[in-house]
Asks: 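Right, I'll just put the structure down here and ask away after.
So that the names make sense, note that chain A is the first sequence line, chain B the second, and so on, each numbered from 1.
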There are 2 protein chains.
Amino acid sequence: MSKLQEKVAALPAEPCCPALTERELTAEEAELTAAMFKALGDPVRLRLFSKVASHPDSEACVCDIADVGVSQPTVSHHLKKLKEAGLLLSERRGTWVYYRVEPSILAAMGRLLTPGTAPKAA
Amino acid sequence: MSKLQEKVAALPAEPCCPALTERELTAEEAELTAAMFKALGDPVRLRLFSKVASHPDSEACVCDIADVGVSQPTVSHHLKKLKEAGLLLSERRGTWVYYRVEPSILAAMGRLLTPGTAPKAA
DNA sequence: CGCATAATTCGATGACTGTCTAATCAAGCG
DNA sequence: CGCTTGATTAGACAGTCATCGAATTATGCG
């Protein structure tokens, strides 16, 4: 995970890749993009992400979202994965740790799924 | 995978779930939605999907897209996964098998990632 | 300091997954 | 029919992953 992690961190943050319909992804683009989809590809992580994203200011304390049916260490593990994928940011404020959605990430992923740019057959 | 598969097949096809930012997903919604993200969470699958989606009419023969650096059985395996997740449809026409993007799926996933509906803190 | 609470890290384990080769199925052609 | 080519299925194996309980770190409080 660490090499990929470096690549994710080195991204220009905004526009990783073209829409999936625009052209076929290169191997490297696919690797980077798949890592984000993979992060959302677990039910527990998706619920955690949704909980954070739907909280006021897209920010939530771990204690607010930890009730997803798994142990707290597991919650922590998943939050770490989401953070490594570049989907969440975390910050400690006193007693609690807050996670929030990386601002541009939703738009970027949404752009990937933009439909309708595939050419018609003759 | 089979029980999930049934649920996916039983979906009203169009609108599985609200935007991730709108409210937190239920456990069941998360399970269904995560299955789709998971399907795109592998580099090879993402490239295959992108190849199909960017082909004319969002449709391609296996022989057109099989060059992704893994053996053909592996390609077939991944295409099956994408199909099971509801992202692709397949049809045999004579000698070749064609895969195409399930029409409404891109829009549906895009909707999940719609940003900006999270309420502001007071 | 000593204690309580929030959160993460550690180590282990069972399950899942991506990949391959070999075998099989499907269609077209002579 | 048999043969060729396209594609899937079967079976095996190595690596990854989600999960847990226990231990650890971090903060605040009296």
Side-chain angles (χ1 to χ4, degrees), chain A residues 1-5 8 27 30-31 33-49 51-52 55 59-85 87-100, chain B residues 1-5 8 27 30-31 33-49 51-52 55 59-85 87-100:
Chain A
M1 184 76 80
S2 61
K3 276 181 67 180
L4 217 182
Q5 180 54 23
V8 170
E31 198 182 354
T33 308
M36 294 193 295
F37 282 118
K38 187 176 183 179
L40 295 180
D42 176 273
V44 172
R45 277 199 294 272
L46 192 58
R47 285 185 78 188
L48 289 171
F49 184 84
K51 281 194 174 211
V52 173
H55 252 244
E59 172 178 282
C61 152
V62 175
C63 55
D64 286 331
I65 59 176
D67 181 24
V68 286
V70 295
S71 71
Q72 202 189 3
T74 301
V75 168
S76 195
H77 165 73
H78 284 306
L79 288 171
K80 188 179 183 181
K81 285 287 185 70
L82 286 167
K83 197 175 157 185
E84 286 175 347
L87 298 173
L88 292 180
L89 301 170
S90 73
E91 180 189 357
R92 170 158 229 137
R93 290 208 286 275
T95 305
W96 294 282
V97 174
Y98 289 82
Y99 282 81
R100 66 178 189 281
Chain B
M1 181 77 81
S2 62
K3 275 182 65 179
L4 217 183
Q5 180 54 23
V8 170
E31 198 182 353
T33 307
M36 296 193 295
F37 282 118
K38 187 176 185 179
L40 295 180
D42 176 271
V44 173
R45 278 199 293 273
L46 192 58
R47 286 184 77 189
L48 288 171
F49 184 83
K51 282 193 174 214
V52 173
H55 253 245
E59 171 178 283
C61 151
V62 175
C63 56
D64 285 332
I65 60 176
D67 181 24
V68 286
V70 295
S71 71
Q72 200 188 6
T74 300
V75 168
S76 194
H77 166 73
H78 285 305
L79 287 172
K80 187 179 183 179
K81 285 288 186 69
L82 287 166
K83 198 175 157 186
E84 287 175 348
L87 297 173
L88 292 180
L89 301 169
S90 74
E91 179 190 358
R92 170 158 230 135
R93 289 208 287 274
T95 305
W96 294 282
V97 174
Y98 290 81
Y99 281 80
R100 66 179 188 281

Asks: I need the A/Leu82 CG to A/Lys80 NZ distance, nearest 0.5 Å.
Replies: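 Going from the CG atom of A/Leu82 to the NZ atom of A/Lys80 covers 12.5 Å.
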Asks: Could you tell me whether the phosphate oxygens of D/dT8, OP1 or OP2, come under 4.0 Å of any side-chain nitrogen or oxygen in B/Tyr99?
Replies: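 Yes.
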Asks: For A/Asp42 and A/Gly94, take the nucleotide of DNA chain D holding the closest heavy atom to each; which residue's nucleotide lies nearer the 5' end?
Replies: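 Closer to the 5' end of DNA chain D: A/Asp42.
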Asks: CG of A/Leu79 versus P of C/dA6: gap in Å, rounded?
Replies: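 My rounded result for the distance is 16 Å.
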Asks: What is the separation between atom CG on B/Leu48 and atom P on D/dT8, rounded to the nearest whole Å?
Replies: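 After rounding, the gap between these two atoms is 11 Å.
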Asks: So, OP1 or OP2 of C/dC20: does either fall under 4.0 Å of a side-chain N or O from B/Ser71?
Replies: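 Yes.
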Asks: Using a 4.0 Å heavy-atom cut-off, does B/Val75 contact any base of the nucleic acid, only the sugar-phosphate backbone, or nothing at all?
Replies: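 Since no nucleic acid heavy atom lies under 4.0 Å of B/Val75, the category is nothing.
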Asks: Under 4.0 Å, heavy atoms only, any strand: does B/Tyr98 hit a base, just the sugar-phosphate, or nothing?
Replies: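 Nothing, no heavy atom under 4.0 Å.
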Asks: Between A/Trp96 and A/Pro73, just flag the one whose closest nucleotide in DNA chain C comes earlier from the 5' side.
Replies: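 Its nearest nucleotide being more 5', the pick is A/Trp96.
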Asks: Just to be sure I understand the rule, does A/Thr74 reach a base, reach only the sugar-phosphate, or reach nothing, if contact means heavy atoms closer than 4.0 Å?
Replies: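 It contacts base atoms.
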Asks: Using every non-hydrogen atom in the two residues, find where B/Val68 and B/Lys51 come nearest and quote the distance to one decimal.
Replies: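 Where B/Val68 meets B/Lys51 most closely, the heavy atoms are CG1-CE, 4.0 Å.
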Asks: What's the shortest heavy-atom distance between B/Ala34 and A/Pro43, and which atoms?
Replies: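 Closest heavy-atom pair between B/Ala34 and A/Pro43: CB-N, 3.6 Å.
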Asks: Specify the separation, in whole Å, of atom CD of B/Glu91 and atom P of C/dA26.
Replies: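 Roughly 17 Å, once rounded to whole Å.
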Asks: Return the OG1 to NE2 distance between A/Thr74 and A/His78, rounded to the nearest 0.5 Å.
Replies: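 A/Thr74 atom OG1 to A/His78 atom NE2 measures 6.0 Å (nearest 0.5 Å).
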Asks: Could you check how far CD of A/Gln72 sits from P of D/dT25, rounded to whole Å?
Replies: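 So the CD-P distance, A/Gln72 to D/dT25, works out to 17 Å.
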Asks: Picking from C/dT9, C/dT8, D/dT8, which would you name as closest to the side chain of A/Val97?
Replies: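 Per side-chain heavy atoms of A/Val97, the pick is C/dT8.
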Asks: Can you establish whether the number of heavy atoms outside A/Asp64 located under 6.0 Å from its atom CG is more than 12?
Replies: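 It does: A/Asp64 CG has more than 12 such atoms within range.
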Asks: Any side-chain N or O of A/Arg45 under 4.0 Å from OP1/OP2 of D/dA18?
Replies: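 Yes, within the criterion.
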Asks: Hey, which sits more toward the 5' end of DNA chain D by its nearest nucleotide, A/Arg93 or A/Val70?
Replies: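 Comparing both residues, the 5'-ward one is A/Val70.
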Asks: Within the pair A/Lys38 and D/dC17, is there a side-chain N or O less than 4.0 Å away from OP1 or OP2?
Replies: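 For D/dC17, OP1 or OP2 has a side-chain N or O of A/Lys38 closer than 4.0 Å.
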Asks: Given C/dT17, is OP1 or OP2 found less than 4.0 Å from the side-chain N or O atoms of B/Lys81?
Replies: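 Answer is no, no contact under 4.0 Å.
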Asks: Have a look at B/His78 and say if it touches a base, only the backbone sugar-phosphate, or nothing, with a 4.0 Å heavy-atom cut-off.
Replies: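 If one applies the 4.0 Å heavy-atom cut-off, B/His78 turns out to touch the sugar-phosphate alone, with no base involved.
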Asks: CZ of B/Phe49 to CD1 of B/Ile65: how many Å apart, nearest 0.5 Å?
Replies: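 Separation between the atoms: 11.0 Å.
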Asks: May I have the distance from B/Lys80 (atom NZ) to C/dT17 (atom P), rounded to whole angstrom?
Replies: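 It works out to 13 Å between those atoms.
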Asks: B/His77 has an atom NE2; how far is it from atom C1' of C/dT17, in whole Å?
Replies: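 Rounded to whole Å, this separation is 7 Å.
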Asks: Between B/Arg92 (CZ) and C/dC25 (P), how many Å, whole number?
Replies: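 In whole Å, C/dC25 P and B/Arg92 CZ are 14 Å from each other.
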Asks: To the nearest angstrom, how far is A/Arg47 atom CZ from D/dA18 atom C1'?
Replies: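 Distance check: A/Arg47 CZ to D/dA18 C1' gives 16 Å.
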